[in-house]
Amino acid sequence: MEKVILIGAGGHSKVIQDSLNQMRDLELYAILDDAFRQTIEKDGIMYAPTDFLNTINRSDYKFCLAIGSNSVRKKLFGTLNIPLTRYLSVIHPHATISPSARIGHGTVVMAGVVINADATIGNHCIINTGSVVEHDNRVGDFAHISPNATLAGSVAVLEGAHVGAGATVIQGMRIGSWSTIGAGAVVVKNVESNVIAAGVPAQVIKRNETMNEMSGLDEARS
């Protein structure tokens, strides 16, 4: 049984913990967050600040960045010095995933998700509860597909993009890197990078050149 360390203790972490509890070959060993001022043990789980990593042999554990913010996940991946191959993909047993789909390291797939044939999911993504990723999709690293969002066939979602809850992206569309699609939006044309698009059909409502892979580093880690 592999021991798992989660980095992040907010709401997103709670959902990942529930998934781990249903995966019999994994054991939650520790939850790290700088909101913790000291190391304590409760019910067999360690709770500690992130510098706890300096006290362990990292090759003995699997890790998951249990943080909802795409930009913060990328920042932490770049600073924690944990090899990509040590990051665990947490896949809820009630997700439906095609044998031909590919899922990267550190990605979390929640309950009720459907990932269909030849879809490719990058590293450190969140494929959230009840979302649908159809055939031949390409979802880039650090992206987030929110609950009940639907990506039709052959959609490309680039690095760090966020597709909001209940949004629909029709077949063949491209969502640019670090862009956000608002909840309930319907995307019927390509969306450029670093923008927010919302509505039915989705339209760009904000352009912000600071919305890139280093943006939002002071956002809450949950």
Side-chain angles (χ1 to χ4, degrees), residues 12 16 19 64-65 67-78 84-85 87-92 95-198 201-204 207 211-216:
H12 180 56
I16 295 175
S19 293
C64 182
L65 297 175
I67 293 169
S69 168
N70 296 348
S71 56
V72 174
R73 286 200 309 284
K74 181 167 185 178
K75 173 66 173 178
L76 285 175
F77 175 67
L84 180 62
T85 55
Y87 282 99
L88 173 73
S89 291
V90 178
I91 300 174
H92 194 282
T96 300
I97 300 174
S98 167
S100 63
R102 289 168 287 177
I103 297 175
H105 295 283
T107 284
V108 176
V109 180
M110 302 300 192
V113 165
V114 176
I115 300 176
N116 275 331
D118 288 323
T120 300
I121 313 295
N123 301 313
H124 297 295
C125 296
I126 302 170
I127 312 299
N128 222 322
T129 309
S131 58
V132 175
V133 178
E134 265 296 348
H135 64 88
D136 299 299
N137 269 233
R138 300 291 181 266
V139 178
D141 297 347
F142 305 104
H144 181 178
I145 312 302
S146 291
N148 295 314
T150 298
L151 308 181
S154 301
V155 167
V157 177
L158 302 191
E159 182 184 82
H162 184 180
V163 179
T168 299
V169 183
I170 71 166
Q171 62 272 16
M173 294 299 102
R174 179 181 183 272
I175 308 299
S177 59
W178 302 98
S179 283
T180 297
I181 306 302
V186 177
V187 177
V188 298
K189 62 181 180 180
N190 292 339
V191 175
E192 63 192 283
S193 297
N194 302 322
V195 299
I196 298 173
Q203 302 289 335
V204 172
R207 302 174 188 271
M211 291 171 58
N212 54 43
E213 68 271 19
M214 297 306 293
S215 69

Check your understanding: For Ser146 and His162, does a side-chain donor sit closer than 3.5 Å to a side-chain acceptor?
Key -> yes
Exercise for review: Identify the heavy atoms of Val157 and Ala143 that sit nearest to each other, and give their distance.
Suggested key: CG1-CB, 4.2 Å
**Study point:** Side chains of Asn70 and Glu159 in contact at under 4.5 Å (non-hydrogen atoms)
**Key:** no
Point to revise | Closest contact, heavy atoms only, Ser98 versus Ala117 | key: OG-CA, 3.4 Å
Practice item. Drop me the distance from Arg138's CZ to Ile121's CD1, to the nearest 0.5 angstrom. Key: 9.0 Å
**Study point:** Option from Ile145, Ile91, Ile97, Val114 for which side chain to side chain contact (heavy atoms under 4.5 Å, CB included) with Ile127 holds
**Key:** Ile145
Practice item. Heavy atoms only: give me the nearest Gly176-Leu158 pair and the separation to one decimal. Key: C-CB, 3.9 Å
Exercise for review: Measure the spacing between OG1 of Thr168 and CD1 of Ile181 and express it to the nearest 0.5 Å.
Suggested key: 11.5 Å
Review point. Yes or no on side-chain contact (heavy atoms from CB on, under 4.5 Å) for Val191 and Met173, after CA distance, side-chain angles and deciding distance?
Key: CA-CA 8 Å; Val191 175; Met173 294 299 102; over 6 Å; no
Review point. Does the side chain of Val108 come within less than 4.5 Å of Ser19's, by heavy atoms?
Key: no
Review point. Should the ring pair Phe77 and Phe142 be called parallel, tilted or perpendicular, given that the plane angle runs from 0 to 90° and is split at 30 and 60?
Key: tilted
Check your understanding: Asn123 side chain to Asp141 main-chain N or O, any donor-acceptor pair under 3.5 Å?
Key -> no
Review point. Are Lys189 and Gln203 close enough that some pair of their side-chain heavy atoms sits under 4.5 Å apart?
Key: yes
Review point. Sub-3.5 Å donor-acceptor pair from the side chain of Ser179 to the main-chain atoms of Ala161, do we have one?
Key: no
Review point. Any luck finding a side-chain donor-acceptor pair between Ser193 and Ser177 under 3.5 Å?
Key: yes
Check your understanding: Thr96: what forms a side chain to side chain donor-acceptor pair (under 3.5 Å) with it, not counting sequence neighbours?
Key -> none
Practice item. Quick one: pull up OG in Ser154 and CZ in Arg174 and give me the separation to the nearest 0.5 Å. Key: 14.5 Å
Review point. What is the minimum heavy-atom distance between Val133 and Ala119, and which atoms define it?
Key: CG1-CB, 4.1 Å
Practice item. Nearest 0.5 Å please: distance from the CD1 atom of Ile67 over to the NZ atom of Lys74. Key: 15.5 Å
**Study point:** Under 3.5 Å donor-acceptor, Asn137 side chain and Thr120 backbone
**Key:** no
Point to revise | Leu151 vs Glu134, side-chain contact (heavy atoms from CB on, under 4.5 Å): CA-CA, chis, key distance, verdict | key: CA-CA 6 Å; Leu151 308 181; Glu134 265 296 348; 5.7 Å; no
Practice item. Would you check, one step at a time, whether the test side-chain contact (heavy atoms from CB on, under 4.5 Å) holds for His124 with Leu84? Key: CA-CA 10 Å; His124 297 295; Leu84 180 62; 3.9 Å; yes
Review point. Going by heavy atoms in the side chains, are His135 and Gln171 under 4.5 Å from each other?
Key: no
Point to revise | Side chain proximity check, Val195 to Arg207, heavy atoms < 4.5 angstrom | key: yes
Check your understanding: What heavy-atom pair brings Asp118 and Ser100 nearest, and what distance separates the two atoms?
Key -> N-OG, 2.9 Å
Exercise for review: For residues Ser89 and Gly106, report the shortest heavy-atom separation together with the two atoms involved.
Suggested key: OG-N, 3.6 Å
Check your understanding: Rounded to the nearest 0.5 Å, how far apart are OG1 of Thr180 and CD1 of Ile196?
Key -> 5.5 Å
Study note, to complete from the structure: One should read off an interatomic distance between Thr107 OG1 and Leu65 CG, to the nearest 0.5 angstrom, of 10.0 Å
